[in-house]
Asks: 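Before we start, here is the structure in question, set down as structure tokens.
When a residue number appears, it is its place in the shown sequence, counting from 1. Heavy atoms only: backbone and side chains are in, while hydrogens, waters and symmetry mates are out.
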Amino acid sequence: MIECQTKGARSLSYLHFFLRVVAGAAVVKSSRSMASRLGPRLIYLSSVIFLLSIFTPISESNQFCDAGISYGDSACGISSSSSSKILIKGGTVVNAHQQEIADVYIEDGIIVAVKPSIKVSDDVTVLDATGKFVMPGGIDPHTHLGMEFMGTQSVDDFFSGQAAALAGGTTMHIDFVIPVNGSLSAGLEAYKDKAKKSCMDYGFHMAITKWDEIVSREMEIMVKEQGINSFKFFMAYKGALMINDELLLEGLKKCKSLGALAMVHAENGDAVFEGQKKMIELGITGPEGHALSRPPVLEGEATARAIRLAGFVNTPLYVVHVMSTDAMEEIARARKSGQRVIGEPVVSGLVLDDSGIWDPDFTTAAKYVMSPPIRASGHDKALQAALSTGILQLVGTDHCVFNSTQKAFGIDDFRKIPNGVNGIEERMHLVWDTMVESGQISVTDYVRLTSTECARIFNIYPRKGAILAGSDADIIIFNPSSSFEITTRSHHSRSDTNVFEGKRGKGKVEVTIAGGRVLWNNGELNVVPGSGKFIKMPPYSYLFGGIDKADAKYLSSLQAPVKRSKAAT
């Protein structure tokens, strides 16, 4: 079913707000006290929920709502009381550096102990993980929740997108703040407001869309006061988000001075613009025109350019959503030479090819439109190989979903199709099935690629990305013997389509614990808006180690300026 984004959206937001307030006030310490508080409101809430069900259609099995109150049979409601003490017993605990059979004891949201045969009292909730893997919750480094883009807004917000993430075993994500009229501070305030409904932990990257002294000063504030340690530069989307080389160079220098990581969306925006015009002139207006207008060579060129400029400045670089062999090979070349470049493939590029975008049905084809595009068969396998050999370092999603009504904005012109696909719920399962089940990576590698390396890059390890005493209790229990199937009917995104529709595989997240609370268990969500928290990420991650020494070595090697006698007059 299609979620309405037209008439009634504004009035619905007030209803949603009211429900969030009431639901938030109803969170209490025991199910008995919750019942006593909610009793007087149940009839009224039921009426409001009924109205919402009329005006805000949701897919049959997407039975959760803005207010955190369940629809139908599936629980996704007000957080019931649960013990602050949890023992995960008998599982194989997997970290990026090792795996061992051990118990994990959690208290008040923190891992207290990881060792065999932990004895606990009767007030502790015990989860049996025998024969299963106990792993750090996934961290998605690349999402766009509630993003205003191409004249509309992505349908998953900081509640629905995070609920979907939790159902898929991801316990933290890092979203991109888009400035408001170039203002970083205004953009951050807007995203802080969006994130008030969050139900799990999150962090922020910051996009840079213009350059002046105000932006430069705001970057310092973001790093030193706001806990943002990464800045993204769009080399595409001409006339909207795109920056030129002069701005990119200024941004790279500023990032280096702050110990912040520079990130790039690497496509040659000027060439893409020309490619789009060419496709329209040829009468190619459908979704296939999107892919044809921005071929892999344009991703490779921009990746190479960004890498060389970062090398010139001598600062680390993070290339987001690496989708092609062309871009991957540029990253491989740079890393081989010793340059600090991080390559992030996304799950859609790892497991899909471009066949979907050629589907004769517009709705089907349009759902695959994203930038850079999903590439022809062969690129996916090359990206998998690069991930398994360390050329690429971690897996994101670029989760930015638009429903079929929104995608239909471009039914006569592919340039108007909002760019974006899903993945926040599917990533952990698909990476396991594609990479572990096929024998391309180990179980410890899986933890590194889906959680630990992200935590290290963005300087929040070992608080996140590890099952160690003192780490946050963000944990999944993973059954390698279970199987999964991805369908629009059963996913938790608000989107009415899914680019992974019908995919099946082995390995399933059975329990998700975030912040020491069991939020996903036996196929049921138990989440409430407002329960998530912002995670500050400090500057100067491991990627900056030795940068100053490399600079000093470079300066000493110049043998300049050369002393010369003045020419005779």
Side-chain angles (χ1 to χ4, degrees), residues 141-142 230-236 243-245 248-249 251-253 255-256 260-272 294-350 353 371-396 398 435 440-441 445 448-449 453-454 456-457 541-547 549-551 553-554 557:
H142 189 156
S230 50
F231 295 91
K232 181 179 180 181
F233 303 87
F234 289 88
M235 302 172 76
I243 53 90
N244 58 26
D245 286 355
L248 180 57
L249 275 168
L252 289 170
K253 290 189 295 181
C255 283
K256 179 180 180 180
L261 183 58
M263 313 174 80
V264 288
H265 171 139
E267 288 182 288
N268 187 313
D270 289 320
V272 167
R294 46 208 316 148
V297 65
L298 301 188
E299 185 185 355
E301 185 279 333
T303 302
R305 180 159 39 101
I307 286 172
R308 283 160 176 75
L309 291 179
F312 175 68
V313 174
N314 188 29
T315 194
L317 183 71
Y318 183 115
V319 184
V320 305
H321 49 41
V322 177
M323 299 293 286
S324 65
T325 303
D326 303 54
M328 178 271 289
E329 289 177 344
E330 296 294 342
I331 293 168
R333 187 176 297 112
R335 288 179 62 85
K336 186 176 180 180
S337 71
Q339 193 170 341
R340 299 177 190 192
V341 181
I342 298 295
E344 170 212 272
V346 291
V347 67
S348 53
L350 284 174
D353 59 38
S371 294
I374 298 167
R375 303 301 187 183
S377 181
H379 289 270
D380 52 344
K381 301 297 184 186
L383 294 176
Q384 291 172 28
L387 196 62
S388 68
T389 55
I391 294 170
L392 304 176
Q393 286 72 48
L394 74 171
V395 182
D398 197 7
M435 301 299 295
Q440 295 186 76
I441 62 172
D445 286 336
R448 174 176 54 83
L449 296 171
E453 189 59 23
C454 183
R456 293 184 68 236
I457 289 169
S541 74
Y542 79 92
L543 293 169
F544 284 85
I547 289 286
K549 293 181 179 180
D551 284 342
K553 183 178 180 181
Y554 165 74
S557 71

Asks: What residues, two or more places apart in sequence or in another chain, satisfy side-chain hydrogen bond (donor to acceptor under 3.5 Å, both in side chains) together with Gln440?
Replies: Gln384, Ser438
Asks: Can you list the residues that meet the ring-ring contact (aromatic ring centres under 6.0 Å, His included) rule with His265, with sequence neighbours excluded?
Replies: Phe234, Tyr237, His321
Asks: As an exercise, state the distance from CE of Met435 to CG of Leu387, rounded to the nearest 0.5 Å.
Replies: 4.5 Å
Asks: Can you name the closest pair of heavy atoms from Leu543 and Arg340 and give their distance?
Replies: O-NH1, 2.7 Å
Asks: Considering residues at least two apart in sequence or located in another chain, which fulfil the salt bridge (charged side-chain N to carboxylate O under 4.0 Å, His left out) criterion with Asp353?
Replies: none
Asks: Do Ile547 and Pro316 come close enough that some side-chain heavy atom pair is under 4.5 Å?
Replies: yes
Asks: How would you list, by chain and number, every residue that makes a salt bridge (charged side-chain N to carboxylate O under 4.0 Å, His left out) with Glu330, sequence neighbours excluded?
Replies: Arg308, Arg333
Asks: Which atoms form the tightest heavy-atom contact between Glu344 and Gly396, and what is the distance?
Replies: CG-N, 4.0 Å
Asks: Residues two or more places apart in sequence or in another chain: which of them pass side chain to side chain contact (heavy atoms under 4.5 Å, CB included) with Ala262?
Replies: Phe233, Leu252, Cys255, Leu317
Asks: For Thr325, enumerate each residue passing the side-chain hydrogen bond (donor to acceptor under 3.5 Å, both in side chains) test, keeping only those at least two apart in sequence or located in another chain.
Replies: His379
Asks: Residues two or more places apart in sequence or in another chain: which of them pass side chain to side chain contact (heavy atoms under 4.5 Å, CB included) with Arg335?
Replies: Ile331, Val341, Ile342, Gln393
Asks: Taking only residues at least two apart or on different chains, which pairs with a member in residues 373-390 satisfy salt bridge (Lys or Arg N to Asp or Glu O under 4.0 Å)?
Replies: Glu299-Arg375
Asks: Who passes ring-ring contact (aromatic ring centres under 6.0 Å, His included) against Phe231, sequence neighbours left out?
Replies: none
Asks: Salt bridge (Lys or Arg N to Asp or Glu O under 4.0 Å): which pairs involve residues 309-320, sequence neighbours left out?
Replies: none
Asks: Who are the side chain to side chain contact (heavy atoms under 4.5 Å, CB included) partners of Ala386, not counting sequence neighbours?
Replies: Met328, Ile391, Leu392
Asks: Apply side-chain hydrogen bond (donor to acceptor under 3.5 Å, both in side chains) to Glu453 and list each qualifying residue two or more places apart in sequence or on a separate chain.
Replies: Arg456, Tyr542
